[in-house]
Amino acid sequence: MHGCGHDGHVAMLLGAASLLQEYRHKLQGTVVLVFQLAEEGGAGAKKMIEDGALEHVSAIFGLHLASDHPIGSVASKPGPIMAASGFFEALISGKGGRAAIPQHTIDPILAASNVIVSLQHLVSREADPLDSQACSLSLYSHNKVIVKSMFPSYCSSIIQIHVFVSSHVLVLVYNIFHLAHSM
């Protein structure tokens, strides 16, 4: 669950706006307050940058609620605090058929289970253990109609990745595509 509380985000930015307004005589420069659109679905920041929302901005500070810290506290550290994320759909095609004659089928669910194990291998054995990465299968589906004793002809899943170091996104995505095409 992503229970960050968008109402809390609105309250934080409006509270910051009120404080900044109160101390405006001590500020040098211009302050721009921004709500990121589509922060959960992705591409919101990219769209805002393309539309010029950050054209004359020289520094940016992001805030996010976290339920693992006590109420009224603020947590910070140098460098990234929250991960970048991305997702894509993987479609695994097989050859559907009767479970009683598996030798005449190609079971996409078995192939998907191999992908799941291999994805975990990418993160646990290929990545530096000090570089936080995650690769998750967050949605799984197969043929719309469930028929007992039948293998589906395909299954699909949403693969979601999270990384702290932006340059590692390309490496992880490359490794996932290489893995998918090698199976």
Just verifying a value: how many Å separate [X] [atom1] and [Y] [atom2], rounded to the nearest 0.5 Å?
X	Y	atom1	atom2	answer
Thr105	Arg98	OG1	CZ	11.5 Å
Ser153	Ile92	OG	CD1	12.5 Å
Phe88	Ile161	CZ	CD1	6.0 Å
His178	Leu122	NE2	CG	9.5 Å
Ile60	Ser58	CD1	OG	10.5 Å
Leu119	Ile159	CG	CD1	5.0 Å

Asp68: partners by side chain to side chain donor-acceptor pair (under 3.5 Å), with sequence neighbours left out = none
Under the side-chain contact (heavy atoms from CB on, under 4.5 Å) test, residues paired with [X] that sit two or more places apart:
X	answer
Leu33	Leu13, Ala17, Leu20, Val31
Ser124	none
Ser73	His69, Pro70

ask   = What about Leu170 and Leu172, same hydrophobic cluster or not, with Ile/Leu/Val/Met/Phe/Trp/Tyr joined at side-chain heavy-atom distances under 4.5 Å?
value =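 No, no single cluster joins them.
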inquiry  = According to a hydrophobic-cluster definition based on side-chain heavy atoms being under 4.5 Å apart (Ile, Leu, Val, Met, Phe, Trp, Tyr only), do Val163 and Val173 belong together?
reply    =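 Yes, Val163 and Val173 fall within the same hydrophobic cluster.
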task = Please identify each residue that fulfils ring-ring contact (aromatic ring centres under 6.0 Å, His included) with Phe35, with sequence neighbours left out.
result =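 Applying ring-ring contact (aromatic ring centres under 6.0 Å, His included) to Phe35 gives none.
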If we only count heavy atoms from C-beta on, is the [X] to [Y] side-chain gap below 4.5 Å?
X	Y	answer
Tyr154	Leu91	yes
Ile106	Phe151	no
Leu19	Glu22	yes
Ile109	Pro152	yes
His56	Thr30	no

key: With Glu50 via salt bridge (Lys or Arg N to Asp or Glu O under 4.0 Å) - residues at least two apart   =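 Glu50 satisfies salt bridge (Lys or Arg N to Asp or Glu O under 4.0 Å) with Lys46 only.
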task = Answer yes or no: is there a donor N or O on one side and an acceptor on the other, between the side chain of Ser118 and the main chain of Val115, under 3.5 Å?
result =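 No, because the side chain of Ser118 does not come within donor-acceptor range (under 3.5 Å) of the backbone of Val115.
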